[in-house]
Amino acid sequence: MARISASVYTSHVPAIGAALDMGKAGEDYWKPVFAGYEFGKEWIKAEKPDVIFLVYNDHATAFSLDLIPTFALGTGAEFKPADEGWGPRPVPMVHGHPELAAHIAQSVIMEDFDLTLVNKMEVDHGLTVPLSLMFGQPEAWPCKIIPFAVNVVQYPVPSGRRCFQLGQAIRRAVESFDQDLNVQIWGTGGMSHQLQGARAGLINREWDNQFLDRLIDDPAGLAQVSHVDYVREAGSEGIELVMWLIARGAMADVAGGPKPVVKQRFYHVPASNTAVGHLIMENT
């Protein structure tokens with residue numbers, strides 16, 4: 001049977017992708033950011049996932065205000081990098097896993113989670129920047145990737161509690177798939193940041209690190225944090241962190257298994273006008 005071996009959590013700041021693409025990763029400003037991912041790049045080479053279930057949010061690329069799915073599961077065979085206004089990022093085509101995606105859709109919908117199934121969409125920096133951080137700049141991504149887009153842009157957005165519950169349903173779906181697959185689940189977005197208004201530029205180091213503490217040790221309690229708390233403490237875009245709870249809900253300890261091993265924890269300010277967070281947890 002398939003299994004979820006690990007979860008990876010990371011910010012998906014678009015400026016990080018631009019720094020990589022423009023050859024600026026070695027500049028003094030960016031060196032500390034990319035240094036935080038050196039461990040992960042070596043770790044994932046050894047882990048060799050077959051499939052990554054990658055939770056991210058679309059930034060008005062595949063979906064506009066005309067159509068806003070709360071949860072959108074990419075079921076296609078491939079997903080093209082999007083042109084976000086300055087041309088597509090020079091990154092490989094994303095190849096999906098339609099069989100596993102269809103199985104997850106069937107299983108999760110039968111557990112009463114309503115998903116939008118997307119056979120064709122382009123994927124933006126929310127998905128491609130995490131891949132670049134963990135894999136560098138390969139000619140092809142070394143594994144299949146299932147995109148899972150969550151609306152955290154236009155209210156109403158899903159609660160942390162709902163995201164945490166959904167992660168548990170995704171774990172059950174993966175474990176009932178009858179192929180021997182090493183699956184990782186990634187939660188991306190955040191950390192604290194606000195891009196507009198009177199608090200533009202807000203970064204809350206203390207709150208971010210408390211979030212990381214609770215994500216590791218008290219995910220069920222963290223899932224109860226309200227939208228108001230996210231916006232007040234982490235800024236208007238800090239609500240992206242509910243997506244990390246999908247990945248955390250899929251870990252074995254939530255279902256009574258052993259506590260995951262934290263392989264990497266990294267936090268840095270700033271990258272552009274955003275706090276960057278990164279965790280790797282392994283099931284044991």
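Here, residue 1 is the first one in the sequence, and each next residue gets the next number.
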Side chain to side chain, F53 and L100, heavy atoms closer than 4.5 Å
no
Check: D253 side chain, P260 main-chain N or O, donor-acceptor pair, under 3.5 Å:
no
Do N119 and T75 pair up side chain to side chain, a donor and an acceptor below 3.5 Å, judged on atom types alone?
yes
Are side-chain N/O atoms of H125 and E84 paired as donor and acceptor at under 3.5 Å?
yes
Side chain proximity check, T70 to V150, heavy atoms < 4.5 angstrom
no
Flag yes if Y9 and V129 sit in one hydrophobic cluster, no otherwise; membership is Ile, Leu, Val, Met, Phe, Trp, Tyr, and two members link when side-chain heavy atoms are under 4.5 Å apart.
no
Go through the steps to decide whether T284 and K259 satisfy the test side-chain contact (heavy atoms from CB on, under 4.5 Å), and finish with yes or no.
CA-CA 8 Å; T284 56; K259 187 173 179 178; over 6 Å; no
Over 12 foreign heavy atoms within 6.0 Å of CD, Q196
yes
So, the side chain of E240 versus the backbone of G190: is there a donor-acceptor pair under 3.5 Å, distance only?
yes
Kindly state each residue pair satisfying side-chain hydrogen bond (donor to acceptor under 3.5 Å, both in side chains) with at least one member in residues 40-50, sequence neighbours excluded.
E42-K45, W43-E282
Separation of Q194 CD from R199 CZ (nearest 0.5 Å):
5.0 Å
Using only atom types and a distance under 3.5 Å, with no angle test, would you say the side chain of Q184 pairs donor to acceptor with the backbone of I4?
no
Roughly how far, to the nearest 0.5 Å, is CD1 of I109 from CG of L115?
4.5 Å
Kindly compute the distance separating CG (L133) from OG (S11), expressed to the nearest 0.5 Å.
9.0 Å
Close side-chain approach of F79 to H95, heavy-atom, < 4.5 Å
no
Measure the shortest side-chain to side-chain distance between L212 and L279 over non-hydrogen atoms and say whether it is less than 4.5 angstrom.
yes
Fit a plane to each ring of F177 and H103, take the angle between them on a 0 to 90° scale, and name the class: parallel (under 30°), tilted (30 to 60°) or perpendicular (over 60°).
tilted
Can you tell me if D58 uses its side chain to pair, donor with acceptor, with the backbone of A62 under 3.5 Å?
yes
Could you go through residues 139-147 and list every donor-acceptor pair under 3.5 Å that involves a side-chain atom there, pairing it with any protein atom two or more places apart or in another chain?
{"from": "W141", "atom 1": "NE1", "to": "P92", "atom 2": "O", "distance (Å)": "3.2"}

Counting only N and O atoms by type, is there a donor-acceptor contact under 3.5 Å from the side chain of R248 to the main-chain atoms of P219?
no
For Y230, which of Y155, W244, W207 qualifies under ring-ring contact (aromatic ring centres under 6.0 Å, His included)?
W207
Could I get the full list of salt bridge (charged side-chain N to carboxylate O under 4.0 Å, His left out) partners for D180, not counting sequence neighbours?
R3
Stepwise, does the side-chain contact (heavy atoms from CB on, under 4.5 Å) test hold for V108 with F113?
CA-CA 6 Å; V108 168; F113 288 90; 3.4 Å; yes
Could you check whether any side-chain heavy atom of L195 comes within less than 4.5 Å of a side-chain heavy atom of N273, counting everything from C-beta outward?
yes
Is there a side-chain contact (heavy atoms from CB on, under 4.5 Å) between E237 and H193? Walk through the geometry before answering.
CA-CA 6 Å; E237 279 69 44; H193 62 302; 3.1 Å; yes
Output yes when a side-chain donor or acceptor of H268 lies under 3.5 Å from a complementary backbone atom of A275, and no otherwise.
no
Mind checking whether V8 and V13 sit in one hydrophobic cluster, side chains of I, L, V, M, F, W, Y counted as touching below 4.5 Å?
yes
Would a hydrophobic clustering, with Ile, Leu, Val, Met, Phe, Trp and Tyr connected at side-chain separations under 4.5 Å, put V94 with L73?
no
Apply side-chain contact (heavy atoms from CB on, under 4.5 Å) to residues F211 and E206 and explain how you reach the verdict.
CA-CA 9 Å; F211 181 94; E206 182 179 1; over 6 Å; no
Can you find a pair of side-chain heavy atoms, one from V157 and one from H227, that are under 4.5 Å apart?
yes
Could you go through residues 30-38 and list every donor-acceptor pair under 3.5 Å that involves a side-chain atom there, pairing it with any protein atom two or more places apart or in another chain?
{"from": "Y37", "atom 1": "OH", "to": "T10", "atom 2": "OG1", "distance (Å)": "2.6"}

Does some side-chain heavy atom of W186 sit less than 4.5 Å from a side-chain heavy atom of L131?
yes
Does R172 CZ have over 12 foreign heavy atoms under 6.0 Å away?
yes
If I take atom CD from residue E175 and atom OG from residue S107, how far apart are they, to the nearest 0.5 angstrom?
10.5 Å
So, taking the atom named CE in M251 and the one named CD1 in I185, what distance separates them when rounded to the nearest 0.5 Å?
9.5 Å
Looking only at side-chain N and O atoms, does N57 offer a donor or acceptor that is under 3.5 Å from a partner on H59?
yes
Hphob cluster co-occupancy, L166 + L117, side-chain heavy atoms under 4.5 angstrom:
yes
Output the distance between atom CG (L245) and atom CD (Q224), rounded to the nearest 0.5 Å.
10.0 Å
Validation row: V242, F164 side chains within 4.5 angstrom (heavy atoms)
no
Qualifying residues under salt bridge (charged side-chain N to carboxylate O under 4.0 Å, His left out), relative to R214, sequence neighbours excluded
D218
Using atom types as modelled and distance alone, determine if a side-chain donor or acceptor of S5 lies under 3.5 Å from a backbone N or O of N182.
no
Under 3.5 Å: donor-acceptor pair, side chain of D229, backbone of V225
no
State whether a side-chain donor-acceptor pair under 3.5 Å links N204 with S192.
no
Please table the atom pairs, donor to acceptor, closer than 3.5 Å between any side-chain atom in residues 16-29 and protein atoms at least two apart or in another chain.
{"from": "D21", "atom 1": "OD1", "to": "R89", "atom 2": "NH2", "distance (Å)": "2.9"}
{"from": "D21", "atom 1": "OD2", "to": "R89", "atom 2": "NE", "distance (Å)": "2.8"}
{"from": "Y29", "atom 1": "OH", "to": "S272", "atom 2": "N", "distance (Å)": "3.0"}
{"from": "Y29", "atom 1": "OH", "to": "S272", "atom 2": "O", "distance (Å)": "3.3"}

Counting only N and O atoms by type, is there a donor-acceptor contact under 3.5 Å from the side chain of H278 to the main-chain atoms of V276?
no
Y267 and D208: side chain donor to acceptor below 3.5 Å:
yes
Please check: side-chain N/O of H12 versus main-chain N/O of G126, any donor-acceptor pairing under 3.5 Å?
yes
